[in-house]
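Structure, as structure tokens:
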Amino acid sequence: MQQDEVAARVRQVIDTAGVSAREFARRIVIDPSKLSRSLNGTRRFTAAELARIADIGGVDVGWLLGSAAGAAAAPSPVRSPSAPRPPAPSPEGGRPLQIVRETVRLIAERGFHAVRVADIAAACHTSTAAIHYHFPGRDELLEAAVRWCMDEDTRRRADATAGTRHAGDELRLLIELQTPRTEQQRRQWCVWLDLWAEAARSTTVGRLHVEYYRQWRGTVGDVIRRGIEQGVFRPVDADGAALALTALIDGLASQVLAIEPGGPDDGVPGNGAQAMHDALIAHVDACLTAPTATAD
């Protein structure tokens with residue numbers, strides 16, 4: 001079947017799902033730009049991606065590829081009972097998203113290299129065959145986990161700062177989001193630290209790491225530039241200031257994670273999440289805040 005015909009059928013699946021292409025990309029756990037290129041015919045869908053599309057869309061892979069065996073399995077609100085499927089999908093976002101979420105949780109708890117496919121399958125109450133159905137290899141699963149973490153982090157930042165016009169307020173919100181106070185924030189940071197180490201060994205993860213930090217520093221730099229225009233921040237080199245602030249966030253967060261919450265060192269002055277937050281705000285006030293600006 002021609003590539004453009006496969007793309008047309010995938011578009012039909014997305015339309016039937018009633019969600020945006022970006023949301024559908026999130027559900028099948030691929031980068032939205034990859035989905036866009038595949039739909040535009042400049043990139044081919046991989047076999048694993050087509051399997052996830054079929055699973056989430058409730059269709060047969062054969063139908064996506066135009067085979068006679070899958071001709072009757074076009075998109076519909078009801079899943080075709082004759083279509084071959086892995087074990088029952090999870091209720092929220094489908095099996096691929098569940099697999100990635102459980103992978104991220106296990107990475108946070110144990111580290112990537114200590115997590116086996118069998119552990120992920122057990123956490124998802126399914127078989128290793130079902131894991132490999134969606135993610136044929138560990139490398140692809142790791143890439144999906146990294147992209148999901150990136151997308152979730154970006155989404156949380158966007159949701160938290162939506163409608164915030166004062167650059168000083170927005171920068172403080174970004175700092176608060178990066179401060180590992182809650183168990184969820186600590187897990188997120190544990191994953192990032194593990195992925196940093198993996199990025200030094202893996203070209204694929206390394207590229208994702210560079211891409212994510214380019215976006216993250218760009219976000220901080222844009223806020224600083226807006227603050228300069230508003231007279232909230234001093235006329236500094238916004239990109240240089242963003243690099244310094246994000247590096248400080250990373251360094252302080254790694255120290256906070258070494259302290260057990262509620263442990264003997266948690267309340268020591270200079271330690272813990274609150275001390276990290278205070279140090280970051282002090283840095284902003286000393287290096288960025290304009291002398292005439294009043295912090296809210």
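Fair warning: this is a prediction, and the values are worked out from it, not measured in the lab.
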### Task
Check the hydrophobic clustering (I, L, V, M, F, W, Y; side-chain heavy atoms under 4.5 Å; chains of links allowed) and say if W196 and V256 are grouped together.
yes

### Message
Measuring from atom CZ of R101 to atom SG of C124, what distance do you get when rounded to the nearest 0.5 angstrom?
### Response
11.0 Å

### Query
If we only count heavy atoms from C-beta on, is the L174 to Q178 side-chain gap below 4.5 Å?
no

### Query
Among the clusters formed by ILVMFWY side chains lying less than 4.5 Å apart, do L173 and L171 turn up in the same one?
no

### Task
Not counting sequence neighbours, list each pair that qualifies as a salt bridge (charged side-chain N to carboxylate O under 4.0 Å, His left out) and has a residue in residues 233-249.
R225-D239

### Task
Mark yes or no: R9 above the aromatic ring of W63, with NZ or CZ under 6.0 Å from the six-membered ring centre and no more than 45 degrees from the axis.
yes

### Message
Evaluate M150 against W192 for side chain to side chain contact (heavy atoms under 4.5 Å, CB included), listing each step before the verdict.
### Response
CA-CA 10 Å; M150 290 169 54; W192 284 126; 3.8 Å; yes

### Query
If we ignore angles and hydrogens, is there a donor and acceptor under 3.5 Å between the side chains of R95 and Q98?
yes

### Task
Check A167 against Q230 and note the closest heavy-atom contact, atom names and distance.
N-OE1, 3.0 Å

### Closest contact, heavy atoms only, L177 versus A160
CD1-CB, 3.7 Å

### Query
If you measure only the distance, is there a donor-acceptor pair under 3.5 Å linking the side chains of H277 and E176?
yes

### Query
Which residue, I99, L142, I120, forms the side chain to side chain contact (heavy atoms under 4.5 Å, CB included) with F135?
I99

### Query
So, E49 side chain and F45 main chain: donor-acceptor pair closer than 3.5 Å or not?
no

### Message
Do Y213 and D250 pair up side chain to side chain, a donor and an acceptor below 3.5 Å, judged on atom types alone?
### Response
yes

### Query
Looking only at heavy atoms, which two atoms of I56 and P96 are closest? And how far apart?
CD1-CD, 4.0 Å

### Message
For D31, is there an ion pair with R22 - N to carboxylate O distance below 4.0 angstrom?
### Response
no

### Task
Supply the atom-to-atom distance W189 CH2 to T179 OG1, rounded to the nearest 0.5 angstrom.
9.0 Å

### Task
Going by the salt bridge (charged side-chain N to carboxylate O under 4.0 Å, His left out) test, name the single residue among R138, R110, R105 that passes it with D119.
R110

#### Entry: Flag, side chain of T42 to backbone of R37, donor-acceptor distance under 3.5 Å
yes

### Message
Are R181 and Q274 packed together at the side-chain level, in the sense that at least one heavy-atom pair is separated by less than 4.5 angstrom?
### Response
yes

### Task
Please confirm whether the backbone N or O of C190 pairs with a side-chain atom of D194, one donor and one acceptor, at under 3.5 Å?
no

### Task
To the nearest 0.5 angstrom, please state how far the OG1 atom of T103 sits from the CG atom of L141.
4.0 Å

### Query
Is any side-chain heavy atom of W216 less than 4.5 Å from a side-chain heavy atom of I249?
yes

### Query
So, R27 and E23, do they make that salt bridge, N to O below 4.0 Å?
yes

### Contact check, side chains of L193 and S254, non-hydrogen atoms, under 4.5 Å
yes

## Note on the structure
Of all heavy-atom pairs linking I224 and A242, the shortest is CD1-N, 3.9 Å

### Task
Spell out, yes or no, whether L65 and V13 are grouped together once hydrophobic residues are joined by side-chain heavy atoms under 4.5 Å, including indirect joins.
yes

### Task
Check whether any side-chain heavy atom of D153 sits under 4.5 Å from a side-chain heavy atom of R156, and report yes or no.
yes

### Message
Please check: side-chain N/O of T164 versus main-chain N/O of T161, any donor-acceptor pairing under 3.5 Å?
### Response
yes

## Note on the structure
Heavy-atom closest pair (A241 atom, V236 atom, distance to 0.1 Å) is CB-CG2, 4.1 Å

### Task
State whether the side chain of R186 and the backbone N or O of T182 hold a donor-acceptor pair below 3.5 Å, judged by distance alone.
no

### Query
Is R214 salt-bridged to E211, cutoff N-O under 4.0 Å?
no

### Query
So, do F24 and I28 sit near enough that their side-chain heavy atoms are less than 4.5 Å apart?
yes

### Query
Transitively linked via ILVMFWY side-chain contacts under 4.5 Å: L257 with L252?
yes

### Task
Establish, from distance only, whether the side-chain atoms of R217 and T246 form a donor-acceptor pair under 3.5 Å.
no

### Task
Flag the pair T289 / V232 as yes when at least one side-chain heavy-atom distance between them is below 4.5 Å, and no otherwise.
no

### Message
For the CD atom of Q188 and the SG atom of C149, what is their distance to the nearest 0.5 Å?
### Response
7.0 Å

## Note on the structure
Value for NZ (K34) from OG1 (T46), rounded to nearest 0.5 Å, stands at 7.5 Å

### Task
Check G221 against A238 and note the closest heavy-atom contact, atom names and distance.
O-CB, 3.8 Å

### Summary
Only residue of R165, R226, R157 satisfying salt bridge (charged side-chain N to carboxylate O under 4.0 Å, His left out) with E170 is R226

### Message
Heavy-atom count check: over 12 atoms from other residues, nucleotides or ligands less than 6.0 Å from R155 CZ?
### Response
yes

## Note on the structure
Rounding to 0.5 Å, atoms CD1 (I30) and CD1 (I53) come to a distance of 6.0 Å

### Message
With a 4.5 Å cut-off on side-chain heavy atoms, are R187 and P180 touching?
### Response
no

### Task
Group every Ile, Leu, Val, Met, Phe, Trp and Tyr by side-chain heavy-atom contacts under 4.5 Å, then state whether V223 and I281 land in the same group.
yes

